[in-house]
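Notes for the one structure printed next.
Ligands are counted one by one from 1 in listed order, and the atoms in each one are counted from 1 as well.
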Amino acid sequence: MVKTRELYYEDAYTYKFDAMVLSCKEGKGGTFFVILDQTAFFPEQGGQSSDVGVIEDENGTSIKVTHTSIKDGIITHVTDAPLREGTKVTGRIDWGHRFSNMQQHTGEHIFSGIVHSEFGYDNVGFHLSDSEVTMDYSGPLNADDIKALEIKANRAIWENIEVQCTFPSKEELDKLEYRSKKELTGDVRIVTIPGYDVCACCAPHVSTTAEIGFLKVVSFQAYKGGVRVSILCGKRALGYIQDEHDILSEISRSLTTSADKVMDSVTKMREENHELKGKLIEAQEKLLEYELQAIDKNLSDVFLVKDSGMDGNLMRKTVNALAAEHGGYCGVFSGTDESGYKYIVATGAEGKELKALQDVLKEKFGAKGGGNTAMIQGSIGAVVMGEVLSELGKL
Ligand SMILES: [Zn+2]
């Protein structure tokens, strides 16, 4: 079969086209594989997800195209209904989806071009899906670098530069310096953004940089000795900023402060929270002291059950205080029957083997925990505490 004519290389803005159905084969689950003589549907390749849209059959019925792929120059459209071989059809790509991909991809070239010229890093990974745009670079970047790069990339957008897509001859290519992810064979397509980037690339691009709208870096993290940067462009970037702005507005409303003072308010709240926690623990400690004093010193195997979320240190202190005064097992369970319990158990004066107790908690009540011969700790999911205590009473 002859290679599919790739209309997106002739004009990246072709969203509607006529074509002839060369073949249609049934796949699994009600899908069909359709090959046309020419198409504007850009197939999944080079890290970019494929175009989607519809093909209208000879009767004008719209058939969904859910995916497009390319192999040996032949492009296959995955559809949800068959098309008759030899008939003329009209393809219509989802232009909103495609234009967004063009905005993201050209934005990526600008960003990667600047990273390359300023830091000498290569773009060693690229992923453009409907939910994210990520680039992996071969060296590290810090927060200041990222901010400066973001401003420069946006400057390239404001400059409204023409994006040039060409297929240079072998001789021209040999003389050209361009970014490329792998050694390319066959016709190499070069995408040039004068002053910012020259890169081998197979994807459709916007015709001028201003069409990108703007570019926002949404995150970056160390990745395989380099850095992974996530960006958004155009409408997607605007949507992201709008969502973040809504969240910030909601938080400042609830803290009754202005957006620029939100961080101060949060810091103050955290400090107050820390202070209150300290006071709460102090009060709990005092209360426990009275409680412990009230327990008959002659009792052994003493288990306290507290329904408040008790601080781990306070639990340990309490267990030690109990073990100093009582024989047998001395333990504290903190939690509720519904949410489960944290526990710490030690052995009192005359000593009892803790492993037996830990085994019962694990085997009968699904507890998770560890410890040593002097003290064990762990947690149990939802249980009836009365049953747990009655089992432990048998030991
Ligand atoms: Zn590219």
Tell me, please, if [X] has any N/O/S atom, main chain or side chain, under 2.8 Å from the Zn ion (ligand 1)?
X: His109; answer: yes
X: His205; answer: no
X: Cys202; answer: no

Does the [X] side chain pair with the main chain of [Y], one donor and one acceptor, at a distance under 3.5 Å?
X: Arg98; Y: Ala12; answer: yes
X: His116; Y: Tyr121; answer: yes
X: Thr61; Y: Asp57; answer: no

Vertex the Zn ion (ligand 1), rays to NE2 in His105 and SG in Cys201 - rounded to 10°: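 Seen from the Zn ion (ligand 1), NE2 and SG are separated by roughly 100°.
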Geometric class of the Tyr343/Phe333 ring pair [parallel <30°, tilted 30-60°, perpendicular >60°]: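 Answer is tilted, since the angle falls between 30° and 60°.
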